[in-house]
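Reviewing the structure listed below.
Chain letters run A, B, ... following the sequence lines, proteins first, then strands; residues in each count from 1.
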2 protein chains.
Amino acid sequence: MNKKRQQLIDIASMLFYKNGINSIGINEILNVSGIAKKTLYNHFESKEALIMAVLEQRHNHFISWIEEKLEGVNSNKELVNCLFIALESWFLNSEPTLGDFHGCFFINSTAEFSGSNHRISIFCRKHKHQVRQVIARSMINKSPLLLDAICIIKEGVITSAYVENDTSTARKGISVLEKFV
Amino acid sequence: MNKKRQQLIDIASMLFYKNGINSIGINEILNVSGIAKKTLYNHFESKEALIMAVLEQRHNHFISWIEEKLEGVNSNKELVNCLFIALESWFLNSEPTLGDFHGCFFINSTAEFSGSNHRISIFCRKHKHQVRQVIARSMINKSPLLLDAICIIKEGVITSAYVENDTSTARKGISVLEKFV
DNA sequence: GCAGAAGTAGACAATTTTGTCTATTGTTTT
DNA sequence: AAAACAATAGACAAAATTGTCTACTTCTGC
């Protein structure tokens, strides 16, 4: 049965995102989910295997989320607006798919496994690359400079919103990009 | 004597930045520095006290570094150039003051102490605010929109350079900001 | 030179964390 | 209903981590 496996991923995803991966032990996940330790280790070889499964699920959810937000935009201006309004909604904890805002899970995870782990950092890099491709596909008049600008400003807006605890960065991102669209 | 205290901060700073704070134990710091455990706990009440001292020193170093880089700029265009060329130099590991590039230490630390710790996140917020003030002071023609743009794009450039392992983001940041100066 | 301060080496305690294993109970599937 | 499979509770091992303490040595200022 894959129901328990899914529950573990869901609970771990929530706890990891909220507290940081290294701050959450296996036992915490087991306590919150009410699932037995043996069951976890039947489904996942190790904590790292669970982490990878969580990253993968969050990546898929995030890609679906952003694709939906950008669906049917008719101009680059509209693209920028949709994207950053969606980000603002996330910052304001109004996006259930992504959970209460605690920054970008992939940036956070890269930071946590700075020196050591490779698989996690590489996965996060791949994630950012695929998000970029989704944005590129939604662009009406393809412009490499605009794409770079959107991606850099997106990262800056997410990071600033988190570290500086300031949800207004999303609107500021739109203001900055207005000169481009 | 404060020599040992300084050595501990220097070694811890290097190790924390390279590997992440939670990935480095007290014993690692002691082994690398060759200093006795008792000495560390004579100078610092706890690991957290050492972390705070490291954050403080890195903050001071970073502020001095950026002030020096922006010293004597004569236009907003020059300000943008100086800032992002300096960042690129950091990304290319050519800034000894900041050490080999592993992203922004303050963003990384905020990510590591996501849910729990307050003092660390608050300090990181304060750091970002003060960096902003340094940039604001260097601006020739004061413009709030430009200041927002620079700060957001700076964060985006640093984060992208780190997560995507791409040093070209600094130049792209200049390109984007060219529309403003 | 000597007294007091600072540093050393590392054993030890207490706690936490990952991962294994066993004995037992539920739950499917045929 | 029986056999095969999945889940449980939690004891246990092994390692890591923070922090304390003791006995001993080295440095430094007067």
- [ ] Examine dA6(D): is either OP1 or OP2 under 4.0 Å from a nitrogen or oxygen in the side chain of H43(A)? Give yes or no.
- [x] no
Open item on the list: Strictly below 4.0 Å: does T39(B) bring a side-chain N or O up to OP1 or OP2 of dT8(C)?
Closed with: yes
Between [X] and [Y], how do the two ring planes meet: parallel, tilted or perpendicular, split at 30° and 60°?
X: H59(B); Y: F106(B); result: perpendicular
X: F101(A); Y: Y162(A); result: perpendicular
X: W90(A); Y: Y17(A); result: parallel

Task: Distance-only side-chain donor-acceptor flag, D10(A) / Q6(A), under 3.5 Å - done: yes
Task: Nearest to side-chain heavy atoms of I26(A), which nucleotide of dT18(C), dT8(D), dT8(C) - done: dT18(C)
- [ ] Could you please name the option among dT8(D), dT20(D), dT8(C) that lies closest to any side-chain atom of K4(B)?
- [x] dT8(C)
Whole Å only: how far is the [atom1] atom of [X] from the [atom2] atom of [N]?
X: K3(A); N: dA7(D); atom1: NZ; atom2: C1'; value: 13 Å
X: F44(A); N: dT18(C); atom1: CZ; atom2: C1'; value: 16 Å
X: N42(B); N: dG19(D); atom1: CG; atom2: P; value: 14 Å
X: I29(B); N: dT18(D); atom1: CD1; atom2: P; value: 8 Å
X: I24(B); N: dT17(D); atom1: CD1; atom2: P; value: 9 Å
X: E45(B); N: dT18(D); atom1: CD; atom2: P; value: 16 Å
X: L30(B); N: dG19(D); atom1: CG; atom2: P; value: 12 Å
X: K47(A); N: dT16(C); atom1: NZ; atom2: P; value: 15 Å

Open item on the list: Looking at S46(B), is its backbone amide N or carbonyl O close enough to the side chain of Y41(B) to form a donor-acceptor pair, meaning the two atoms are under 3.5 Å apart?
Closed with: no
Open item on the list: Looking at A136(A), is its backbone amide N or carbonyl O close enough to the side chain of K142(A) to form a donor-acceptor pair, meaning the two atoms are under 3.5 Å apart?
Closed with: yes
Task: Relative orientation of the end axes in the helix from dG1(C)-dC30(D) to dT30(C)-dA1(D), expressed as an angle to the nearest 10° (five pairs per end) - done: 30°
TODO: Report which part of the nucleic acid N27(A) touches: base, sugar-phosphate, or nothing (heavy-atom distance under 4.0 Å, all strands).
DONE: base
Open item on the list: salt bridge (charged side-chain N to carboxylate O under 4.0 Å, His left out) for E48(B) and R119(B)? Distances and angles first, verdict last.
Closed with: CA-CA 9 Å; E48(B) 197 188 306; R119(B) 298 177 64 197; 3.1 Å; yes
Using a cutoff of under 3.5 Å, can you pull out all pairs of nitrogen or oxygen atoms linking the protein to nucleotides 24-26 of chain C, with atom names and distances?
none

Open item on the list: L87(A) and side chain to side chain contact (heavy atoms under 4.5 Å, CB included): which single residue from K154(A), E95(A), K69(A) fits?
Closed with: K154(A)
- [ ] Apply side chain to side chain contact (heavy atoms under 4.5 Å, CB included) to the pair L177(A) and V181(A), showing each step before the final yes or no.
- [x] CA-CA 7 Å; L177(A) 283 165; V181(A) 291; 5.6 Å; no
- [ ] Begin from the C-alpha positions of S160(A) and E155(B) and carry the test side-chain hydrogen bond (donor to acceptor under 3.5 Å, both in side chains) through to its verdict.
- [x] CA-CA 7 Å; S160(A) 298; E155(B) 297 302 316; 5.1 Å; no
For nucleotides 9-15 of chain D, tabulate all protein N/O to nucleotide N/O atom pairs closer than 3.5 Å, reporting atom names and distance.
none

Task: Step-by-step side chain to side chain contact (heavy atoms under 4.5 Å, CB included) determination, V176(A) to F84(A) - done: CA-CA 11 Å; V176(A) 173; F84(A) 286 84; over 6 Å; no
Task: Residue pair K4(A), N42(A): steps toward the side-chain hydrogen bond (donor to acceptor under 3.5 Å, both in side chains) verdict - done: CA-CA 10 Å; K4(A) 295 284 169 181; N42(A) 278 345; over 6 Å; no
